[in-house]
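Values below: all heavy atoms of this structure, side chains included; hydrogens, waters and symmetry mates excluded. Note on naming: letters A, B, ... go to the chains in the order of the sequence lines (proteins, then strands), and numbering restarts at 1 for each one.
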Amino acid sequence: MIDLKLLEKDFENIAKRLKAKGVKEEDLKNIKILFEEKKELKTLLENYQAKRNSLSKNIGLLMREGKKEEAEKIKIQVNEIKEKIEELNEKLKKIEEELDLKALSIPNLPDEDVPVGKDENDNVEIKRVGEIPKFDFEVKSHDEIGEELNWLDFKAGVKLAKSRFTVLKSEAARIERALINFFLDHNRSYGFEEVYVPFLVNSETMTATGQLPKFKDDLFKIEDEDLYLIPTAEVPLTNLFRDEIISDLNEPVKLTAYTPCFRKEAGSYGKDTKGIIRQHQFDKVELVAITKPEDSDKMFEEMVECASNALEKLELPYRQLMLCTGDLGFSAAKTIDLEVWIPSQNKYREISSVSNTRDFQARRGKIRYKEGKKNRLTHTLNGSSLAVGRTLVAIMENYQTKDGKVKIPSVLQKYM
RNA sequence: GGAGAGAUGGCUGAGUGGUCGAAAGCGGCGGCCUUGAAAGCCGUUGAGCUCGCAAGGGCUCCCAGGGUUCGAAUCCCUGUCUCUCCGCCA
């Protein structure tokens, strides 16, 4: 959630920065007004409550002394105040509800150094790593290879579930599993603790990390239960610390987990319909870190480095992109995407996304740490390391041979 | 799915209508003692919002939401969750 106090104090600046992320100034103005109204009402209400409390205390004392008549008089007074309190309370509740819903739907403030831009075309390339492979034969796409080798069974996926579900067979299934193990080990070597988490979480959890209330249409929900399938391990991992006060955060919390991820992919109907680039269910190994505010920039670098290095070990060509304001996700203040080379498409495609959300999720989830006597909000970061399905795609395409087979990257061999 | 019990501060746990934001113990922090440590002793130690330069003050929070009452952690209703036993089951 954005910092409402900051919004109140520094409206022009915040509005300007959020405009780059597509937020209307009018909406912010609205929130600011609601926030001020809420504060005013609350002060008024609290005054009445204070009065009620002290009068009630007096009644108690008088009753004990046996002064019934005096007590009765005060009761009448209190009853008047009570009506007032009820009225104000109702008003306040309405305003708070509205404010909450609106404030929770405002995206995070982009960092000052994030390039301003409209969409993915304005993202800024930071660097390219690795040689783009040259083939002396016509390259095939991973879905062609997958069908020829009987590694990818698209029909079976549709039969069992629906489109955008795929069954992996034989070597593909084994590479998938090898990749998960390789990534987890790789991340552990960077000091991330391996965790295994639930794949279903409740709405409170989804709200803290920003999926709810605004993006409920992207989530699979369990019928008649307050449970959703996770769209990324970022959600359970970050929420491990929801409503917690971390007593010592001198060393950042660093976690990694493998989970499948489930996304409805609403609104991407035409895109990537072939192959397994965009699926309703895909595997991912995720990194999450929780740091003091002053440590999050360093951690961000470390996570980008960790994910990048995994690609380098796999000897897959990739590039790093700094996302522009318009392409930044809802919760992110800053994001670097890693894109891997996909020969059949002749372009780089996203395979990892590392984000610093600053205190945006921490504020929603009340993730705090002790700094002396004070409790301060942490920063939270997340990044894929890596998207497993897309890594499989990259391997199938970049490692394909003339005779229609696929070589196994050397780092993976011990995992197979 | 059936039956029962319960939900209180970092943890254990007392509290059944007023002086309770809450006993006590543990843990944490500070100090004394000690060459150092342990033990012991003394003190301190919930969160959020808000007013104030500060000292300090006010409000809210004892699972959640309603209700009774001048006043609710405490009484009533509803919901959620947890635990135990039985059933089912990887």
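- The partner of B:rG6, taking Watson-Crick or G-U wobble pairs whose two distances both stay under 3.5 Å, is B:rC81.
- Under 4.0 angstrom from either OP1 or OP2 of B:rU50 there lies at least one side-chain N or O belonging to A:Lys5.
- Sorted by first and then second residue, the side-chain hydrogen bond (donor to acceptor under 3.5 Å, both in side chains) pairs with a member in residues 47-59 of chain A form an empty list; sequence neighbours excluded.
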Extract from the structure each pairing of a protein N or O with an N or O of nucleotides 53-59 of chain B at less than 3.5 Å, listing the distance.
from   : atom 1 : to      : atom 2 : distance (Å)
B:rG58 : N2     : A:Glu46 : OE1    : 3.1
B:rC59 : OP1    : A:Asn53 : ND2    : 3.2
B:rC59 : O3'    : A:Gln49 : OE1    : 3.3
B:rC59 : O2'    : A:Gln49 : OE1    : 2.9

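- Within the nucleic acid shown, A:Asn375 comes within 4.0 Å of sugar-phosphate atoms alone, with no base atom in reach, counting heavy atoms only.
- Residues of residues 86-109 of chain A that place a heavy atom closer than 4.0 Å to RNA chain B, in numerical order, are A:Lys93.
- OP1 or OP2 of B:rG71 lies within a sub-4.0 Å distance of a side-chain N or O belonging to A:Lys82.
- Between atom CE of residue A:Met206 and atom CD1 of residue A:Ile230 there is a gap of 7.5 Å, rounded to the nearest 0.5 Å.
- Within the 6.0 Å centre-distance limit, the rings of A:Phe360 and A:Phe330 are counted as a close aromatic pair.
- Partner of A:Thr166 under the side-chain hydrogen bond (donor to acceptor under 3.5 Å, both in side chains) criterion, out of A:Gln279, A:His280, A:Gln281: A:Gln279 alone.
- With sequence neighbours left out, A:Arg188 forms a side-chain hydrogen bond (donor to acceptor under 3.5 Å, both in side chains) with A:Asp185.
- Legend: residues meeting side-chain hydrogen bond (donor to acceptor under 3.5 Å, both in side chains) with A:Asn375, ordered by chain and number and at least two apart, are A:Lys370.
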Quick one: which protein N/O atoms are closer than 3.5 Å to N/O atoms of nucleotides 16-20 of chain B? Pair and distance per line, please.
from   : atom 1 : to      : atom 2 : distance (Å)
B:rG18 : N2     : A:Ser56 : O      : 2.8
B:rU19 : O4     : A:Arg64 : NH1    : 2.6

